[in-house]
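Below, read A as the first sequence line, B as the second, and so on, with proteins coming before strands; counting in each chain starts at 1.
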Amino acid sequence: MKNSEVAKVFQDIADLLELKGENIFKIRAYQKAARAIEHYPRELKVMLDEGEDLQSIPGVGEAIAKKAAELITTGKLGYYENLKAEFPDGVTNLLAIPGIGPKTANKLASELRISSVDELERAINEGRVAKLFRLGEKTADNILYQIQALRRKDQRIPIGEALPIVEKILGALRSVPGMKNLTPAGSLRRFRETLGDIDLMGTADNPREVVDAFVALPQVGQVLAQGSTKASAIVNGGLQVDLRLVEHDSFGSLLQYFTGNKQHNISLRERGRKQGLKLSEYGITDIATNKLEKFSTEEAFYHRLGLQYIPPELREAQGEIEMAEQGAIPKLVELCDIKGDLHTHTEWSDGHDTIEAVALTAKDIGYQYIAITDHSAGRGIAHGLGVERLREQTAEIKALNEHITGIHILSGVEVDIRADGSLDLPHEILSELDIVIAAVHSAMNQSEEKMTRRVINAIENPDVNIIAHPTCRLIGEREPVAIDLEAVFRAAAKYNKIMEINATPERLDLKDIHAFRAKDLGVKLSIGTDTHSITHLGFMRFGVGVARRAWCEPQHILNTLPLTELLAALNRQR
DNA sequence: GCCGTTTTCGGCCCGACTGTTTTCAGTCG
Ligand SMILES: Nc1nc2c(ncn2[C@H]2C[C@H](O)[C@@H](COP(=O)(O)OP(=O)(O)OP(=O)(O)O)O2)c(=O)[nH]1
Ligand SMILES: [Mg+2]
Ligand SMILES: [Mg+2]
Ligand SMILES: [Zn+2]
């Protein structure tokens with residue numbers, strides 16, 4: 001059973017306990033544990049197999065660890081089954097409707113016997129909901145609207161899709177009079193791979209005026225909430241934007257609050273409490289004197305708490321506060337540390353541009369080197385290169401290297417890993433190349449055992465340097481293949497092979513928590529854009545974002561090495 | 001249910017907005 005499935009069960013337990021009216025802190029404990037498990041860098045099943053204690057996960061104690069073990073080993077959880085039996089099926093679906101919390105859901109279930117979204121819709125249309133105590137016409141209308149919105153919209157948006165839209169919204173917001181220090185926050189600033197909404201913030205002499213001007217923008221549709229310091233609205237026909245404003249001198253504390261994540265904020269605030277301090281978006285209040293201290297920067301805010309600054313990408317409540325206490329936050333890799341791109345395609349296979357165009361664009365970016373890694377001729381790949389074409393390409397690259405200055409082109413290939421684990425090209429040609437990346441492109445529904453064996457086979461192959469997009473997932477479109485990454489990483493560490501962080505925004509593969517685990521096991525990583533057109537070279541920022549969320553420093557990333565050291569490292573591998 | 005550099009018991013983040021409220025509960029960020 002996968003972590004995501006375990007997390008779902010605990011989240012569902014939390015929902016059921018809410019409906020039941022259980023102690024709120026017990027509910028929060030389940031919610032916290034569910035989130036922690038969902039984002040934990042190791043599979044709980046593997047931990048159990050290796051006899052490790054699940055209580056090392058923050059928020060997981062004796063009771064939840066025991067329940068998780070039962071769930072994973074037997075596939076069922078008695079406590080959960082009993083709890084579910086107390087409620088009609090599907091009643092927790094009501095809680096997914098924005099505006100409906102446990103009290104309302106409970107009321108709907110107990111007084112109107114409603115246990116599904118469809119039933120709720122009918123009841124509203126028949127006027128039964130508005131008659132309930134403390135509900136009314138407006139509330140009923142709002143619920144109806146939210147039901148329809150929920151049916152339209154497809155959950156979370158990949159960050160790669162969101163960023164161009166965010167740029168447009170930022171452009172429009174900059175024109176709002178009085179708006180200062182406009183800044184992205186929330187999951188967008190933390191660089192999560194998908195975003196639930198777009199959180200933007202700023203400062204103003206008069207926040208209310210700016211909020212009013214925001215909702216009046218032509219791009220802004222339905223306004224979900226609007227007050228004197230913030231507004232939530234649907235922008236560009238779908239995306240929810242949360243805009244928050246404070247006065248100028250609270251910029252640092254607002255940025256801290258609004259960047260999150262929620263659990264990071266709660267943990268930080270609990271820690272502050274123990275020092276007699278009350279933390280909020282307005283600043284830090286000394287509880288004894290009731291004096292509010294304001295902060296213009298986040299750095300000062302964290303320092304006031306005796307903590308090292310924590311980069312946004314690390315604020316996921318996975319031990320970063322304890323590390324900051326000890327001054328142990330690493331200096332994360334940055335875009336400017338990247339010396340070249342190791343995964344690109346040209347018109348020689350399925351790319352759009354010439355080798356020269358790709359190389360010159362890379363040079364403009366400031367890279368020292370660029371690897372051309374077109375596809376091999378394997379099954380399912382259009383325009384892949386065979387031995388002869390690859391030799392021709394190598395000759396052309398050699399010629400180009402002689403007349404282009406300021407950038408070195410590596411000749412390489414992205415060789416297909418066949419279903420049986422063998423490579424699509426023979427040793428003779430692979431050994432002539434500067435770099436060989438290998439990847440799965442077909443037969444993706446193999447069993448976990450087969451797929452794992454297949455990829456480890458490629459890792460063991462002495463011609464291979466890098467395993468590209470190891471799980472083959474496409475965010476929101478294709479699930480990752482079934483593969484035992486723990487075993488793959490151990491093999492990569494043993495054979496000194498590199499795992500790729502594929503920076504194409506719909507891939508981001510390895511993803512953050514898996515890259516973290518690989519790094520922890522001593523596996524070196526590379527970041528490659530998988531460029532198919534020169535504009536894609538800019539995807540590097542997404543890969544760096546993933547690497548930062550994986551706590552990577554420059555030393556963990558192969559392509560932070562300067563050219564001569566890179567070539568030496570590649571040679572040592574083969 | 002979790003957790004501990006004051007604690008193994010008794011706390012558990014803090015504030016904004018809405019609707020229906022005659023003073024605040026519910027929900028959300
Ligand atoms: N202190 C505190 N801060 C919160 C709470 N809920 C949200 N925040 C802060 C931290 C969040 O990152 C930020 C934005 O809230 P969102 O609901 O948009 O969450 P976030 O952007 O992290 O994730 P998302 O991708 O939108 O699901 O507001 C809370 O309950 N307490
Ligand atoms: Mg958000
Ligand atoms: Mg938000
Ligand atoms: Zn590729």
Check whether the side chains of [X] and [Y] place a donor and an acceptor atom closer than 3.5 Å, and report yes or no.
{"X": "A:Tyr257", "Y": "A:Asn265", "answer": "no"}
{"X": "A:His264", "Y": "A:Glu316", "answer": "no"}
{"X": "A:Asn502", "Y": "A:Thr504", "answer": "yes"}
{"X": "A:Gln256", "Y": "A:Tyr302", "answer": "yes"}

Whole Å only: how far is the [atom1] atom of [X] from the [atom2] atom of [N]?
{"X": "A:Leu200", "N": "B:dG29", "atom1": "CG", "atom2": "P", "value": "15 Å"}
{"X": "A:Gln31", "N": "B:dG29", "atom1": "CD", "atom2": "P", "value": "13 Å"}
{"X": "A:Lys107", "N": "B:dG26", "atom1": "NZ", "atom2": "C1'", "value": "9 Å"}
{"X": "A:Glu322", "N": "B:dC3", "atom1": "CD", "atom2": "C1'", "value": "12 Å"}
{"X": "A:Tyr145", "N": "B:dT18", "atom1": "OH", "atom2": "C1'", "value": "16 Å"}
{"X": "A:Phe133", "N": "B:dC24", "atom1": "CZ", "atom2": "P", "value": "14 Å"}
{"X": "A:Asn265", "N": "B:dC14", "atom1": "CG", "atom2": "P", "value": "12 Å"}
{"X": "A:Gln256", "N": "B:dG15", "atom1": "CD", "atom2": "P", "value": "14 Å"}

For [X], check salt bridge (charged side-chain N to carboxylate O under 4.0 Å, His left out) against everything at least two apart and list the hits.
{"X": "A:Glu322", "result": "none"}
{"X": "A:Asp199", "result": "none"}
{"X": "A:Glu22", "result": "A:Lys26"}
{"X": "A:Asp49", "result": "A:Lys45"}

Within [range], find the residues that approach DNA chain B with a heavy atom at under 4.0 Å, and present them sorted by residue number.
{"range": "residues 213-233 of chain A", "value": "A:Ala225, A:Gln226, A:Gly227, A:Ser228, A:Thr229, A:Lys230"}
{"range": "residues 109-130 of chain A", "value": "none"}
{"range": "residues 135-143 of chain A", "value": "A:Leu135, A:Gly136, A:Glu137, A:Lys138, A:Thr139"}

List the atom pairs, donor and acceptor, that lie under 3.5 Å between side-chain atoms in residues 220-235 of chain A and the rest of the protein, sequence neighbours left out.
| residue | atom | partner | partner atom | Å |
| --- | --- | --- | --- | --- |
| A:Gln226 | NE2 | A:Asp212 | OD1 | 2.9 |
| A:Thr229 | OG1 | A:Arg244 | NE | 3.4 |
| A:Ser232 | OG | A:Asp242 | OD1 | 2.8 |

Identify which nucleotide among [options] has an atom closest to any side-chain atom of [X], counting heavy atoms from C-beta outward.
{"X": "A:Arg134", "options": "B:dG1, B:dG19, B:dT27", "value": "B:dG19"}
{"X": "A:Tyr30", "options": "B:dG1, B:dG26, B:dA16", "value": "B:dG1"}
{"X": "A:Ile64", "options": "B:dC13, B:dG1, B:dT27", "value": "B:dG1"}

(Q) Heavy-atom nearest nucleotide on DNA chain B for A:Ala105 versus A:Ser280: which residue maps closer to 5'? (A)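 In this pair, the answer is A:Ser280.
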Q: From the options A:Arg189, A:Arg549, A:Arg548, select the one residue that forms a side chain to side chain donor-acceptor pair (under 3.5 Å) with A:Glu313.
A: A:Arg548
Give each protein N/O atom lying under 3.5 Å from an N/O atom of nucleotides 7-12 of chain B, with the pair distance.
| residue | atom | partner | partner atom | Å |
| --- | --- | --- | --- | --- |
| B:dC12 | O3' | A:Glu270 | OE2 | 3.0 |

Span that lies between the [atom1] atom of [M] and that of [N], in whole angstrom:
{"N": "B:dT6", "M": "B:dG1", "atom1": "C1'", "answer": "23 Å"}
{"N": "B:dT27", "M": "B:dT21", "atom1": "C1'", "answer": "16 Å"}
{"N": "B:dC12", "M": "B:dG19", "atom1": "P", "answer": "31 Å"}
{"N": "B:dT20", "M": "B:dG26", "atom1": "P", "answer": "14 Å"}
{"N": "B:dC2", "M": "B:dC13", "atom1": "C1'", "answer": "16 Å"}

Q: Report the C-alpha separation of A:Asp15 and A:Gln11 in whole Å, then their side-chain angles, then the decisive distance to 0.1 Å, and conclude whether the side chain to side chain donor-acceptor pair (under 3.5 Å) test is met.
A: CA-CA 6 Å; A:Asp15 287 348; A:Gln11 179 55 52; 3.1 Å; yes
At 4.0 Å (heavy atoms only), tell me whether [X] reaches a base, stays on the sugar-phosphate, or touches nothing.
{"X": "A:Lys278", "value": "sugar-phosphate"}
{"X": "A:Leu279", "value": "sugar-phosphate"}
{"X": "A:Lys66", "value": "nothing"}
{"X": "A:Ile100", "value": "sugar-phosphate"}
{"X": "A:Ile97", "value": "sugar-phosphate"}

Q. In chain order, what residues pass the ring pair (Phe, Tyr, Trp, His ring centres under 6.0 Å) check against A:Phe295, with sequence neighbours excluded?
A.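 Testing A:Phe295 for ring pair (Phe, Tyr, Trp, His ring centres under 6.0 Å), a comparison that skips the adjacent residues, returns A:Phe301.
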Q) Within the modelled atom types, does a donor on one side and an acceptor on the other bring the side chain of A:Tyr282 and the base of B:dG15 under 3.5 Å apart? A)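 Between B:dG15 and A:Tyr282, which were checked side chain against base, a qualifying N/O pair under 3.5 Å is absent.
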Enumerate donor-acceptor pairs with a distance under 3.5 Å from any side-chain N or O in residues 164-187 of chain A to protein atoms, sequence neighbours excluded.
| residue | atom | partner | partner atom | Å |
| --- | --- | --- | --- | --- |
| A:Ser175 | OG | A:Ala172 | O | 2.6 |
| A:Asn181 | ND2 | A:Thr203 | OG1 | 2.9 |
| A:Thr183 | OG1 | A:Asn181 | O | 2.8 |

Q: Go through A:Arg473 and A:Asp509 one step at a time and tell me if the salt bridge (charged side-chain N to carboxylate O under 4.0 Å, His left out) criterion holds.
A: CA-CA 7 Å; A:Arg473 68 143 177 193; A:Asp509 180 14; 5.5 Å; no
Q) Can you tell me how far CZ of A:Arg134 sits from CG of A:Leu132, rounded to the nearest 0.5 angstrom? A) 13.0 Å
Q. Taking a pair as Watson-Crick or G-U wobble with both distances under 3.5 Å, which nucleotide is matched to B:dT8?
A. none
Q. Which pairs, with at least one residue in residues 52-80 of chain A and sequence neighbours excluded, count as a salt bridge (Lys or Arg N to Asp or Glu O under 4.0 Å)?
A.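 Salt bridge (Lys or Arg N to Asp or Glu O under 4.0 Å) check on residues 52-80 of chain A returns A:Arg42-A:Glu52.
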